[in-house]
Amino acid sequence: MPVPTLGNPQNTIEILKKYNFSFQKKYGQNFLIDTHVLDKIIAAAHITKDDFVIEVGPGIGTMTQYLAAAAGKVAAVEIDGSLIPILEDTLSAYDNVHIINQDILKLDIRKLVEEENGGRPVKVVANLPYYITTPIIMGLFESHVPLESVTVMVQKEVADRMQVGPGTKDYGALSLAVQYYADPYIVANVPPNCFMPRPKVGSAVIRLTVHKEPPVHVEDEKLLFAIIRASFNQRRKTLANGLKNAAGLNLPKEVIEESIAELGKGAGIRGETLTLEEFAQLCNSICHKK
Ligand code: SAM
């Protein structure tokens with residue numbers, strides 16, 4: 001396999017000039033220009049020649065070159081049509097990359113995995129466009145794409161939210177959703193000067209190792225997430241009021257009160273103090289009473 005040639009400022013600038021490329025802010029385009037960070041991401045993703053990797057937003061193909069050198073096969077999904085000729089150029093030496101010009105949020109990823117990897121679990125690796133971090137990650141989990149791990153660069157604050165437990169201000173619906181599906185681990189913090197152009201926020205690489213089985217058993221997954229969202233929608237309210245006021249839930253007052261009482265934490269508890277296990281218990285109690 002050829003060695004990656006991108007990943008430093010000089011070669012990045014050269015390619016951008018060659019194609020007269022102008023960055024599109026609306027697509028969250030901040031390209032990596034630091035080889036140490038790229039090496040860290042590839043190491044954290046534990047990629048081998050047996051792996052099929054999906055990369056979201058390859059940009060000019062910087063990380064794609066590293067992925068192609070390490071993996072068996074790579075599918076790189078890029079929304080910006082003006083990057084496609086650049087990718088065809090920067091990835092021309094690799095015969096194991098499939099460039100797909102599509103919006104990742106509209107792509108049938110399950111079908112892609114079925115066709116290109118026989119439905120076997122894949123690894124997702126990306127320097128994500130920050131404006132759609134949550135829909136991308138939740139979309140992957142909720143559509144039950146067979147996944148082994150998701151190793152991604154995200155805004156530092158978002159990485160923190162994914163990793164924390166109850167009792168902190170960062171704890172919320174995203175923490176619980178991510179932890180229901182995966183085990184999060186922050187691999188590295190990455191400063192703005194590792195990107196071109198520099199983002200206004202700090203970044204972090206997070207690895208989500210997907211659970212083979214969820215750590216809690218719930219009878220109704222949709223209800224669990226509806227309860228979690230309702231609990232954090234009105235953070236200042238008690239859990240009971242949050243659930244009573246939730247538009248889509250439509251639960252009888254007595255069911256809510258009895259189920260909260262069964263948690264044994266008092267009627268005035270707030271949702272932000274509950275662990276994933278406690279949310280699961282609450283969900284199952286509600287399910288039995290409905
Ligand atoms: N991987 C490159 C790198 O590390 O240098 C670029 C990362 S840049 C932060 C995000 C990339 O995602 C851009 O290339 C952008 O055009 C692309 N992108 C933005 N929205 C997208 C979407 N909905 N579907 C697919 N790609 C998208």
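Start at 1 and go down the list; that is how both ligands and their atoms are numbered.
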Using a cut-off of under 3.5 Å, which N/O atoms of ligand 1 pair up with protein N/O atoms, and what distance separates each pair?
| unit_1 | atom_1 | unit_2 | atom_2 | d |
| --- | --- | --- | --- | --- |
| ligand 1 | 1 (N) | Glu55 | OE2 | 3.4 |
| ligand 1 | 1 (N) | Gly57 | O | 2.8 |
| ligand 1 | 1 (N) | Pro58 | O | 3.4 |
| ligand 1 | 4 (O) | Asn127 | ND2 | 2.9 |
| ligand 1 | 5 (O) | Leu32 | N | 2.8 |
| ligand 1 | 14 (O) | Gly59 | N | 3.3 |
| ligand 1 | 14 (O) | Glu78 | OE1 | 2.7 |
| ligand 1 | 16 (O) | Gln29 | NE2 | 2.9 |
| ligand 1 | 16 (O) | Glu78 | OE2 | 2.6 |
| ligand 1 | 20 (N) | Tyr131 | OH | 2.9 |
| ligand 1 | 23 (N) | Asp103 | OD1 | 2.9 |
| ligand 1 | 24 (N) | Ile104 | N | 2.9 |
| ligand 1 | 26 (N) | Ile79 | N | 3.3 |

Please step through ring pair (Phe, Tyr, Trp, His ring centres under 6.0 Å) for the pair Tyr27 and Tyr131, ending with a clear verdict. CA-CA 8 Å; Tyr27 288 145; Tyr131 74 108; 7.2 Å; no
Would you call Asp89-Lys18 a salt bridge at under 4.0 Å N-O?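 Lys18 and Asp89: salt-bridged.
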Salt bridge check, Lys289 against Glu254: does any charged N sit closer than 4.0 Å to a carboxylate O?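 Salt bridge absent between Glu254 and Lys289.
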Val56 and its side-chain contact (heavy atoms from CB on, under 4.5 Å) partner, picked from Ile132, Leu128, Leu140, Leu107: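 Output: one option passes, namely Leu128.
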So that I know where these two stand, are Phe141 and Tyr180 an aromatic pair - ring centroids less than 6.0 Å apart?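 Ring centroids of Phe141 and Tyr180 are no less than 6.0 Å from each other.
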Identify, with sequence neighbours excluded, every residue that meets salt bridge (Lys or Arg N to Asp or Glu O under 4.0 Å) alongside Asp160.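 Applying salt bridge (Lys or Arg N to Asp or Glu O under 4.0 Å) to Asp160 gives Lys156.
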